[in-house]
Amino acid sequence: MFLRLRQEADAALREALDGSGLAADLRREELPENLLLEESEHADISSSIAFFLASRLKASPKDIASRLVTHAADAVPEGGLISEVRAVGPYINFHASELFFQETLRRIREEGCDFGGLGLKGRVILEHTSANPDGPLHVGHLRNAIIGDVLARVLRKAGYEVETQYYVNDMGRQIAVAVLGAERFGLDASKKGDHAVVEAYVRASRELDTDESLRREAEALMRRYEEGDPEAVEKYRRVVEKCLSGVKETLERLDIKHDRFVWESEFVRSGDVRRVLEALRERGEVVEEGGALVLKLKCSEKDLVLQRGDGTSLYSTRDIAYHIWKSKLCDRMIDVLGKDHELVSKQLAEALALLGVPPPDVVIFEFVSLPTGSMSTRAGKFVAVDELLDKVEEAALQEVEKRRPDMSEEQRRRVARVVGVGAVRYDIAKVSPEKPMVFDFEQALDIEKRGAPFIQYAHARASSILRMAAESGYVRRSDGDFSLPDFDATLLSTESERTLIRELSKLDYVVEKVVRELKPHHLAKYGRVVAETFNRFYRDCPVLNAEPPLRNARLNLVYCTKVVLKETLRLLGIEAPEEM
RNA sequence: GGGCCCGUAGCUUAGCCAGGACAAAGCACCGGCCUUCUAAGCCGGGGAUCGCGGGUUCGAAUCCCGCCGGGUCCGCCA
């Protein structure tokens, strides 16, 4: 809804720019695309475009603002979402009309969880997590998984048809080592699949450092797997699937599900990799260096090795084949990758360009390290997501036991699980992807009050009010949802109420921002702000004890808040408990 | 050595892309608020040379250059 307000402000401002002749000397594209229209604490929406024009027109921003405002005020349609345009010094402030507040609540009531969508069209394939199947997910993979999962949810919200994919790197050297380890030392059947595999992998890795024959064995195994030797394929399949089943179980705990798992080896077996090589030889400059095939790249300062000297394929070439395949199935590809893949993804884009395939959008996130340094699956130096979740849920359970002795054991466990997973997801989602993170166990277990639980708590409070209202017969309950009577939105006139409605209206604005920047942390912040605003309303405005017409209006506002909080949490992959 | 990213209160972060209304929050610390809808809440207080140094500008946390610190990548690993 906020986007509609911005559209109206934008239209009025553009008319004012034309009408005043102030932008006459400027070409359209010289103006900032959004006309510097942003949310503001001084108005419902505000533009600082006068500053921008001031330097070009050599006039004072204050004068420009007041000239623009006289035109903008005329341009604002009667009966629209804007009631007033005012110049405050150099700023142009737009104030929302009564209709804006009414419409926001009406649409939330009408659209429910669809509120805040953008109606975009198109098919997206989003690849995320894609941890090597040589061990359990650790907290570094967790960042990838959460960024990817939230983006998938938000892109769907925006209207895209999204398929999430997990690219299974089953052809790497480390998988051969894991398979070898499994063969030599067996897999501990008492352990979860991924944990059993990593045990064998770490042990084999260690031996590999000293045992030359094991190294040769691994290379031979890789070759046989690449050739499709049935025995090797079967060995691999067993280990990789064992590991993946454990990974999937972990992802399920986090409420993350991939639509498709794509095995890297498929592209070798299908002949796609061979065809990529042929095409690149034709369209690009491929040279032989010491038996290996190398693609010369112009933009990237590093050339790309396509094939080993012994004729076996390499990750990059298989990745090119994977992306060509994906590109045929969708309109847009998005990859969530760690910072270490940045150069590779640039090389991939350049290789794809040679073949006339549009590159994927790449979301790069910085590493999660431990206080003792970076993580390594191979060295067995990592914090597993399973362990983190176990401990956080345990900490959450202690909290719930302290606060809610009245709840049943089963209820407390449920709340602890929802709060624990939510806390983990929120703590990662709230940080901008390009920020390096250092994982600290103590900090992770200290469930931050302003994180997920804060938002969940606000939702529980709202739910509680509605539940009691239903018990008193003020609202009707119908299959889990509430049906509320019509109301007069003009009664919601206090600052707390207005501010809350304004925040609720911004869901589409935030969704748009996340989609545009491919950064989930804006949504995390939004959830916190809505919860904060609701808590202030909760303090200032009694609901159940208000006079009936006002009570009714406030119940509607509480309902709308619950809808927006629940939807925001859902997009973050966090459950919204009815009570906690 | 070169490329990219990060460096904002004791700690964790937002703001940086599109320079402007007082540098914004949380944790921790200090003080206040449960006879009215869950105190995982609310209100107030102290706490910041926005890594350092230059430059551009009427104006820089934000743009440009240099430096320092941390991370990461730099052909037959993935």
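Just so it is clear, the values below take in all heavy atoms, side chains as well, and ignore hydrogens, waters and symmetry mates. Quick caveat, the model's predicted, so the values are computed rather than measured. Residue numbers start from 1 in every chain, and the chains themselves are labelled A, B, ... in the order their sequence lines are given, proteins ahead of strands.
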Report summary line: Testing B:C42, B:C37, B:A78 for proximity to the side chain of A:Y538, the answer is B:C37

Query raised in the report: From B:G20, B:A18, B:C5, pick the nucleotide closest to the side chain of A:R516?
Result: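 For A:R516, the side-chain atoms sit closest to B:A18.
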
Determine whether a donor-acceptor pair (N or O, by modelled atom type, separation under 3.5 Å) exists between the side chain of [X] and the backbone of [Y].
| X | Y | answer |
| --- | --- | --- |
| A:R413 | A:L397 | no |
| A:D170 | A:S265 | yes |
| A:Y167 | A:E127 | no |
| A:S472 | A:A469 | no |
| A:D194 | A:C243 | no |
| A:S464 | A:A460 | no |

Over how many whole Å does the gap from [X] atom [atom1] to [N] atom [atom2] extend?
| X | N | atom1 | atom2 | answer |
| --- | --- | --- | --- | --- |
| A:E434 | B:U13 | CD | P | 12 Å |
| A:R539 | B:A39 | CZ | C1' | 14 Å |
| A:M437 | B:C11 | CE | P | 17 Å |
| A:E342 | B:G2 | CD | P | 18 Å |
| A:D446 | B:A40 | CG | P | 15 Å |
| A:I92 | B:A21 | CD1 | C1' | 14 Å |
| A:L280 | B:G75 | CG | P | 19 Å |
| A:I320 | B:A78 | CD1 | C1' | 14 Å |

Query - Residue whose closest nucleotide on RNA chain B lies nearer the 5' end, A:P433 versus A:T312 - result: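 Its nearest nucleotide lies further toward 5', so the answer is A:P433.
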
Requested in this report: Take A:R536 and A:Q307, find for each the nucleotide of RNA chain B with the closest heavy atom, and name the residue whose nucleotide sits nearer the 5' end.
Outcome: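 The residue mapped nearer the 5' terminus is A:R536.
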
Across the strands shown, which category fits [X] at heavy-atom distances under 4.0 angstrom: base, sugar-phosphate, nothing?
| X | value |
| --- | --- |
| A:S48 | nothing |
| A:N93 | base |
| A:E289 | base |
| A:E471 | nothing |
| A:F454 | sugar-phosphate |
| A:G309 | base |
| A:L314 | sugar-phosphate |
| A:S46 | base |
| A:K339 | base |
| A:Q443 | sugar-phosphate |
| A:R528 | sugar-phosphate |
| A:V344 | base |
| A:V400 | base |
| A:Q174 | sugar-phosphate |

Residue matched to [N] through Watson-Crick or wobble contacts both under 3.5 angstrom:
| N | value |
| --- | --- |
| B:A48 | none |
| B:G1 | B:C74 |
| B:U57 | none |
| B:C16 | none |
| B:G69 | B:C6 |

Query - Within-4.5 Å side-chain heavy-atom neighbours: A:I49 and A:L31 - result: yes

[atom1]-based separation of [M] from [N] [nearest Å]:
| N | M | atom1 | result |
| --- | --- | --- | --- |
| B:C50 | B:A9 | P | 9 Å |
| B:U8 | B:A23 | C1' | 8 Å |
| B:C6 | B:C43 | P | 33 Å |
| B:A24 | B:C16 | C1' | 14 Å |
| B:G20 | B:C73 | P | 35 Å |
| B:A21 | B:C63 | P | 16 Å |
| B:U62 | B:U56 | C1' | 14 Å |
| B:C34 | B:A25 | P | 25 Å |

Quick one: is [X] getting a side-chain N or O under 4.0 Å of the [N] phosphate, OP1 or OP2?
| X | N | value |
| --- | --- | --- |
| A:N535 | B:C42 | yes |
| A:R461 | B:A40 | no |
| A:K346 | B:C4 | no |
| A:Y457 | B:A40 | yes |
| A:S464 | B:U38 | yes |
| A:H521 | B:G15 | yes |
| A:S40 | B:A21 | no |
| A:K435 | B:A14 | yes |
| A:R318 | B:A78 | yes |

Report task. Decide, applying a 5.5 Å centre-distance limit and a 30° plane-angle limit (both strict), whether A:F367 stacks on B:G71. Result ->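 A:F367 ring does not meet the centre or angle cut-off for B:G71; no stack.
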
Requested in this report: Kindly confirm or rule out a cation-pi arrangement of A:R461 over A:Y538, judged by NZ or CZ under 6.0 Å from the six-membered ring centre and within 45° of its axis?
Outcome: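 Geometry flag: set, cation within 6.0 Å and 45°.
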
Requested in this report: Please determine if A:R551 forms a cation-pi arrangement with A:Y474, meaning its NZ or CZ atom is less than 6.0 Å from the six-membered ring centre and no more than 45° off the ring axis.
Outcome: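 So A:R551 does make the cation-pi contact.
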
No-H, no-angle donor-acceptor pair, [X] side chain to [N] base, under 3.5 Å:
| X | N | result |
| --- | --- | --- |
| A:Q347 | B:C73 | no |
| A:S432 | B:A14 | no |
| A:N34 | B:A18 | yes |

Query raised in the report: Are A:Y457 and A:E579 close enough that a side-chain donor and a side-chain acceptor fall under 3.5 Å?
Result: no

Query raised in the report: Are A:K402 and A:E399 ion-paired here, with the side-chain N under 4.0 Å from a carboxylate O?
Result: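 A salt bridge links A:K402 with A:E399.
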
Query raised in the report: Can B:G54 be described as syn, meaning its chi torsion is within 90° of 0, or is it anti?
Result: anti

Query raised in the report: What form does the base of B:C73 take, syn (within 90° of 0) or anti?
Result: anti

